Amino acid sequence: MPPLPGAELVRTPVHLYRYLLRCCKQLPTRAMQQHYQHAIRQGYNSHTDEDDPERIQLIIQRAISDADWILDKYNKK
């Protein structure tokens, strides 16, 4: 199950970036939110030169599944 409704609508890197930032708002503490927001920003900046559509889709799928895992990890406590 995706962490937020709308995961299936993520098609571009900008959509992914905004989606992941919205996912951060579900984390329990402000420190966790800031940590993951920074990681998302760094990941986005490191992949700005990616131009292969297949590779971009793989990155998007992996990022959504990672966000799902992280939210499940913190919401189970």
Side-chain angles (χ1 to χ4, degrees):
M1 180 171 96
L4 284 178
E8 65 279 354
L9 301 176
V10 174
R11 297 280 185 252
T12 67
V14 174
H15 289 150
L16 176 65
Y17 181 76
R18 295 181 68 211
Y19 173 80
L20 293 175
L21 290 179
R22 285 193 305 272
C23 287
C24 284
K25 293 179 183 178
Q26 294 185 344
L27 293 169
T29 67
R30 184 69 182 140
M32 284 182 202
Q33 292 173 4
Q34 289 176 337
H35 170 78
Y36 285 106
Q37 287 170 348
H38 178 73
I40 291 165
R41 196 171 301 111
Q42 293 294 90
Y44 180 80
N45 289 335
S46 70
H47 291 288
T48 55
D49 60 342
E50 191 67 54
D51 58 357
D52 180 21
E54 286 184 28
R55 175 81 174 123
I56 292 170
Q57 288 306 310
L58 285 172
I59 292 170
I60 289 172
Q61 291 170 0
R62 179 62 191 255
I64 290 172
S65 67
D66 288 350
D68 189 23
W69 181 85
I70 290 168
L71 289 176
D72 282 346
K73 173 182 164 183
Y74 290 113
N75 288 334
K76 286 183 181 178
K77 293 182 178 181

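What you are looking at is a predicted structure, and each value in this text was computed from that prediction instead of being measured. For reference, positions follow the sequence shown, starting with 1.
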Undergrad: Quick check on the hydrophobic clustering: are L16 and L9 connected, directly or via other members, by side-chain heavy-atom contacts under 4.5 Å?
TA: no
Undergrad: Between the side chain of D68 and the main-chain N/O of I64, is any donor-acceptor distance below 3.5 Å?
TA: no
Undergrad: Provide the closest heavy-atom pair for C23 versus L71 in the form atom of the first, atom of the second, distance.
TA: O-CD2, 3.7 Å
Undergrad: Which residue pairs pass the salt bridge (Lys or Arg N to Asp or Glu O under 4.0 Å) test when at least one of the two sits in residues 22-42, sequence neighbours left out?
TA: none
Undergrad: If you round to the nearest 0.5 Å, how far is CG of L27 from CD of Q34?
TA: 11.5 Å
Undergrad: Please list all pairs passing the side-chain hydrogen bond (donor to acceptor under 3.5 Å, both in side chains) test where one or both residues lie in residues 42-63, with sequence neighbours left out.
TA: R62-D66
Undergrad: Restricting to side chain to side chain contact (heavy atoms under 4.5 Å, CB included), what partner residues turn up for P28, sequence neighbours left out?
TA: M32, Y74
Undergrad: State which residues pass side chain to side chain contact (heavy atoms under 4.5 Å, CB included) with I40; sequence neighbours excluded, sorted by chain then number.
TA: Y17, L20, L21, C24
Undergrad: Residues in side-chain hydrogen bond (donor to acceptor under 3.5 Å, both in side chains) with H15, at least two apart?
TA: T12
